[in-house]
Every structure is written in C-alpha cells, then in structure tokens.
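Written out below as structure tokens is the structure these notes cover.
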Amino acid sequence: MSDHDYRPKSKVGQWFNDRLPLLTLANHLTDYPTPKNLNYWWTFGGILTFCLITQIITGLTLAMHYIAHADMAFESVEHIMRDVNYGWLIRYIHANGASMFFLAVYIHIFRSLFYGSYKAPREIIWIIGIIIYLLMMAAAFMGYVLPWGQMSFWGATVITNLFSAIPLVGEGIVTWLWGGYSVDNPTLTRFFTLHYLIPFLILGLVVLHIWALHVPGNNNPVGIDIKKPSKDTVPFHPYIVIKDGFALLMFMIVFAFFVFYAPNILGHADNYIEANPMVTPAHIVPEWYLLPFYAILRSVPDKLLGVVAMLSAILILAVLPWLDTSKIRSAVFRPLYRQFYWILVADVLILGYVGAMPAEGLYLLIARVATAYYFLHFLVILPVLGFKEKTLPMPLSITEPVLGGSPNLAAARNKESKIE
Amino acid sequence: MKNLFKLFSIIIIITSSNSYTFAAEKVEYLKTDWSFKGVFGKFDRASLQRGYQVYTEVCASCHSMKYLSYRNLAEQGGPEFSEAQAKAIAASFEVTDGPNSDGEMFTRPGKLSDKFVMPYDNVKAAQAANGGAYPPDMSVLVKARGGGVDYIYSLLQGYEEAPSGISLDDGVYYNKYMYGNKIRMAAPLSEGLVEYGDGTNATVEQMSKDVTTFLMWSAEPHLEARHQMGFKAIVYLIILTILVYFSMKKIWSRIESEV
Amino acid sequence: MSEKKTKRRDFLFTATTAVGAVGAAAVVWPMIDQMNPDASVKALASTEVDVSSVNPGNTITVLWRGKPVFIRRRTKEEIDEARKVKMEDLIHPEKDEDRAKNPEWLVMLGVCTHLGCVPLNDKGDYNGWFCPCHGSHYDTSGRIRKGPAPLNMEVPKYEFVNANTIKIG
C-alpha cells in the first residue's frame, strides 16, 4: 500500500480532516492501488455492493406499505402490487433482487475458489465473506416468509423444524422460534423484525470485508503478490470504477430482463396462494439459491445428521484456507486443481438440480453421490492436492506476462488474453 | 464476451432447473395466441371486457375476487370501461356498509372504491355451499398456478367423460388438465352461455380465452406499464452500457500506451 | 489534432455522465412517488352524511379523508352575527355567504389552520371555535379572528344530495 501522506489543499479541508480524516479515507479509496490485470470476475464485488444497496432501498420502501400480520400480510402485498404508486416495480425489484444477489455472490465465491483468494494473507476477508453469505441466507429465507403465501408458510415450517433435530432442547428451541405451537403471527412479526435488521448487519460486515481487503490489497488472476506497485497497479478511480460500472450495467440488463419480463419465473406459483396451515403444497422447494444445501439435507437418511451435513457444507468453507495446503493461489498454475475445480462446480450444479427434484429413486442416489463428493473435495482432495500437485512455473510479476517476456509463461498469458 | 456467455449459461441452467416443478407432471396444455405475451404485449380490451362479463355472469357466483375494486375496471391498462360504465357496474351490486348511527349494518349500491362483492361471507360458508371444496379466490389465480394462463385456458376446456377404470364420486368431475384429473367444479362453460354485447360468438373456446385474459389482467393489473417501462429501461441501459464501454476504453488506453 | 482528440474525449465523458445522471434521476422518482397517496386512498374521495337528526345550535363531527369535518346547524343569531361582520375586521376576509351557501348549514374541515389541531366547539371570544393548542379564536362562520392561525377553517367541496343528506368530496 503506497499510502502517501495526504493533505487536503484547502484550509477548511485541512481543518476538517485534522478532526475527522474523512478526506484521507476518500483519497485512500480513490487512489487505492489495484492490480491492473483484474478480469471481469473481479467486478462482482462492486455488483454485490449494488445489490445490497438496492435491496435495502427497495426493502425500506416496501416496509412503508407492508403489514406484518398473519391476517393482513398477503393482502398488503397485493395492495403494494395493485395500488401503491410503482409498488409492483419496487416489489419485483426486491424479489428478483434477492436472486440476483445470490447469483452474484455465487460467482464471487467461485471466483475466489478459482484464484485462491481465500489463502494467506486474506483468510479474514474470506471468513467475513462466509458470515455475510450465512446472513444473506437467513435474510432471504425470512424475506420469503413475509408475503405469507403457501411456500412462505411451509418453508418457514420446514426450516424452523430443522432445529428440532437438536437433541434434548430441539423442541423447546422450535417453540421459542415460533412463539407458539406452530408458525403463526408471532413468527411472522419476529421474522419481519429480523429481516429488517440483517441487511444492516451485512452492511457493517461489508465495511469490514472491504477494510480487510484493503490491508493486503486485491488478489489477482495470476495470484502472485504485487512487486512494483507503480508498474503492476492502477488507481481504483477511474480505472476500476469505470470497469466495475461497465460490468454492473451488463448485470443490470439481465436484472431488468427478469424484473420486467419474467418477474415470477424465479419464484414459486404456490406463493400466490395465501398461507393455509391445513394444506401442504404438493412440492415444497426452497428458492433456487438454497437448493444445493437442501439436496445435502435430504440425502442423509437421518434427521440430526442431515442437518449437521447441511450446516457443515457451509461451515467447511470457513476453514477452507487451512484445508487447501497448496502454496500456489491461482488455479491458472495448478493444472490438477483446475480440473477438480470444474468438477466441484458441476457437483454443486447437480446438487442444485436434484434439490429441486423429488427425493426418491435415482435423484436420491445422485444427491448422495454428489453430497459425498462435495465433502470429499474439501476434506480429501484439497489437502492431498497441495502436496501431490506439480504446479506450473510462475511469472515474476503480474506485468511480465502482459509484456510477454518469458517463454514459460504461456499458461499465464493464455489466461490473460481471455480478459478481453 | 466469453465471460458473458458463461454468465448467461449459468442463468439458463438455474432458471431451467427451477421450472422443473411444472415439468414434473407435464401435460401438453392447449395453446392460443395471447396478446399480452412478449416485449410489447398488451391486453385485448374487448377480450377483457368480455372476460369480465363471463366472470360476473358465470364464475362470480362461487369465486370471489377480493383484491379487485370496481374502480380497477376503468383504470388504464385494464378493461378500460368508461368511468360511467364502471360506476353503473358498481351500482348494480349491493354492498354491505356500516355501521350507521344506530349501530346497524345496511346495504347500499356499490361505489367505484368498493371491492368486488364476495359470493360468500367466509371460507366456511363457501365450503358448505360447494360440498366441502373451497372455490379459490381468483384475483391472483393465474399466478398461483404453475401452468399460468395456458393451464386455466386448458382446464376450462378439459372436461371429458372419465376413461373406463376411473370411478368418480358424486360431485367430482373428470378434467384431463387438472392435477390428478379429478375436479370438484362442474364444467362451468357451455356453448352460448353468455350473450356477448359485441356480437362475438360465445363458444366455449372464446369464453375460456376471454375469461383467462381477464384473470391475467386481474393478477397483473400493471402488466402493460411493466412491459412499456421494461423496454425503455433496457434500451436505456444498452445505450449507457455502450457509452461506458467507450469511456472505459479511453481511460484504459492511457496506461496501455504507457506500457 | 491532439486538441480535437481531447475535445472528443471530453464529450464522451460528459455524455456518459449526463446519460447516467438521467437514469439515476428516473430511478429516484418511483422511490419518492411510492409515498404519495396510493390508488385506493385516492378512490375514497367522498362520503355521505345523514344530517336529519342534527338540531339547530348543534354540531356533528364526521370523518372525511381521515380528517374531522364539522357540520353545524346554525341558529338565526349565529347566522346574523356571522353576516354582520365587516370585511375589514377579518384576518382572512371571506363572506359568510360564500362559506355557507345554505346559511343554516356550515360545513368545514375541523382543522385549525395554524398547526392542525382540532378546535373546540362553542368556545372562544367570538362564540365559534377555539383551538386549545395555541389559542386561535374562530367566529360562527369558522373564520379566524384572533390568534396565530393565518386562515379561516377550510370549506371542503360538498353538496346536498337531498334535504337530509350531505355528500362531502
């Protein structure tokens, strides 16, 4: 970090900055040296910030009209959709925004997995990211309960019942979560409160996430440390700002397509039926972004172990920096890891697919194999690979492959050319 | 570009895997050309008005539409009855209001601000009158069924003699598009059941199409505004994306020339 | 040559910023407009009141658009008092004839024009209304005579549907 001492030019600026160094912070953010070889997979951090802010603003405006009461929630959502000025637009942005948020976060996570961004010295960034991801899931789940449709109600019933798997205290915890003997009005009002709170917790964690990022600086596609900041980096503004902006706009086009032309395609039809505690819908399915974990849950034929497996599948990510024993960050220089990486991607997509299918026959078998492989990847393949894998030769600095100086950098250069 | 392609393929995988539930018991629904589909899709006003007629004369005796108000009938993007017509429609219904200064409920002719009058006071009354089956509220029915408009359109025309081997209880009918094929609603439409004011021939197919169009509007009253705004938004985003792209090229050319 | 190039670059950046700003403004509007009265609120514009049981010298208060509306059946003396007042003596000059088309009936929003409290009946120095919040006095025509309120109490749009029914709004 080349944090040269910044001093505001104006007298007023100096007076203010001496008391509260906001201008120093702004200067740090704009001048923040960013590796110049970042590709478009790195733009998803900015996109995620956009998603969070969009969700907070649309959420606040929806909360002005929504009524968190079991008798009125469904009706108030219809009121928003029909009568509130632009209510339909705001709700569709919020509902599809959740999906867009997860789409972006999965790309962000898998980018990190590919380029080894979770490795030293960035473990804390990674762990904060996992906490954010967990909170996102909690917020999304509780948000889905609020319209009080059939999927809301039965999703809430099924997910809260996961806690009943805990020995001895499980039943008590579930009753406590519900505030009654079933999912009902007390459950709805507390879910609304927490759904309102969590985004601000996420916002706070995002600040920490970025703070922790700005200590070592960004990882980059080559995965080596910055040697000469003057040659290897560009200031965040305007170079990265404009690039992130361009990627964000592309993302927004996809987002807009969903909001305006397929606003309900990612949702479930049953959620337009008001909650009915006496009838369970034919298929209970969580939102698509939770499906892989849902598949893991269902693949274990024991209640407690199923819940443990599902939670472990997420928590295992938190210890990933220590499970991956390879010193090399980027998969560009790890030919074997690269193969296993794509197998993992396929594995997670398969889990997502079978998570949406009935838990029977061939689907169940596939879910079990895929679950086993998921854990195998993290618990066996990654640790072993670090010792066994023969990695490719690394370039000396990130500008070198750009310059094309050394013949054994072909792999790096190939990867580089994909940026354009 | 390659990245973009990957992104799109991921989205396609996700969306296609999500729409599985509808595929699970896939039946080929009857197809018709819906005017409201597509980027510029709009409702066919005449069809909406006829659909409203089918709803009030046929469906409304059992099915409520509790989220709609009479004023909606005159709103832009809907059936667009004139304000006077909508007022007359509202006034033709008896609405319970009150309590008055004596503390009693009374009935009066409907106003534009009133919600559609419900056929039954509550769910229990509806069930009691329909042999235990609750005729669902139709306000958002199209969005509450996996097959959407095609499903409703097909269901209305899907009544058949039960194939041999399937026994039906009293008050249960065979419908080839219904989930499980057994439905508690008798075939609601028959040739010439309503008399259209505009002279359209009231075939079962025509009435099904009209009432389904009406139900699509009732579930998505702002569909036209959404389509129009969406087109503008996406055109705008594309223009801005192009501008930002060239700005980005300019800015990055500074360092690329340095290297 | 290079100057031309700079100009084109500047134009590109200006255009990009301008187009971006237009979009941002367009996005802000729905977020603001959602707080305006919604379609269901706007539809509840009118209310009908049966006034057959109101005796002279009495006031009833009904709710219209969430605000109290005073409907007073005035006595002969009150009407005379209201009509005698000279325009010069008024803070907000309005003829009683314009405020009460049918002199027997005074219909007005029961909201003090100072800061929105509900004034009390048959109180104050002018035999009309008195606002307890900050001491505004209104006369028998609901006109401000003394105190901080700047305007007379507002007369809403209303009409007699028949001899006994007033439709407000």
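Protein chains get the first letters and strands the later ones, always in sequence-line order, with residue 1 at the start of each.
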Practice item. Would you mind checking which part of A:Y106 comes under 4.5 Å of any heavy atom in chain B, side chain (CB onward), backbone (N, CA, C, O), both or neither? Key: neither
Check your understanding: Got a donor-acceptor contact below 3.5 angstrom from the B:R145 side chain to the B:Y151 backbone?
Key -> no
Check your understanding: Would a distance-only check, ignoring hydrogens and angles, find a side-chain to backbone donor-acceptor pair under 3.5 Å from B:N130 to B:G132?
Key -> no
Check your understanding: Measuring heavy-atom distances to chain A, does B:L141 have an atom under 4.5 Å in its side chain, in its backbone, in both, or in neither?
Key -> neither
Review point. Between B:L240 and chain A, which part of the residue has a heavy atom less than 4.5 Å away: side chain, backbone, both or neither?
Key: both
Review point. Measuring heavy-atom distances to chain B, does A:E274 have an atom under 4.5 Å in its side chain, in its backbone, in both, or in neither?
Key: side chain
**Study point:** Per-residue contact mode, A:V241 against chain B (heavy atom under 4.5 angstrom)
**Key:** neither
Practice item. Please look at A:Y86 and chain B and tell me whether the side chain, the backbone, both or neither of the residue comes under 4.5 angstrom of a heavy atom of that chain. Key: side chain
Review point. Quick one: does A:W88's side chain have a donor or acceptor within less than 3.5 Å of a partner on A:R82's backbone?
Key: no
Exercise for review: Measure distances from A:A282 to the heavy atoms of chain B and classify the residue's part below 4.5 Å as side chain, backbone, both or neither.
Suggested key: side chain
Exercise for review: With A:K243 as the cation and A:Y40 as the aromatic partner, state whether NZ or CZ is under 6.0 Å from the six-membered ring centre and within 45° of the axis.
Suggested key: yes
Exercise for review: Heavy-atom distances under 4.5 Å only: say whether B:V142 touches chain A with side chain, backbone, both or neither.
Suggested key: neither
Check your understanding: Under 4.0 Å between a Lys/Arg side-chain N and an Asp/Glu carboxylate O for B:K31 and B:D150?
Key -> yes
Check your understanding: Is the side chain of A:N271 donor-acceptor paired with the backbone N or O of A:S152 at a distance under 3.5 Å, no angle test?
Key -> yes
Practice item. Without swapping roles, check the side chain of A:Q150 against the backbone of A:N276 for a donor-acceptor pair under 3.5 Å. Key: yes
**Study point:** Verdict with reasoning, B:R71 to A:D83, per salt bridge (Lys or Arg N to Asp or Glu O under 4.0 Å)
**Key:** CA-CA 11 Å; B:R71 65 185 157 83; A:D83 293 335; 3.2 Å; yes
Point to revise | Interface moiety of B:S69 toward chain A, non-hydrogen atoms closer than 4.5 Å | key: neither
Study note, to complete from the structure: When the 4.5 angstrom heavy-atom criterion is applied to A:I253 and chain B, the contacting part is both
Review point. If you look at every heavy atom in A:A295 and A:V354, which pair is closest and at what distance?
Key: CB-CG2, 4.0 Å
Exercise for review: Could you tell me whether a side-chain N or O of A:S397 sits under 3.5 Å from a main-chain N or O of A:K227, the two making a donor and an acceptor?
Suggested key: no
Point to revise | Residues from residues 214-233 of chain B approaching chain A under 4.5 Å (heavy atoms) | key: B:S218, B:A219, B:E220, B:P221, B:H222, B:A225, B:R226, B:H227, B:M229, B:G230, B:F231, B:A233
Review point. Is a donor on one side and an acceptor on the other found under 3.5 Å between the side chain of A:E78 and the backbone of B:K66?
Key: no
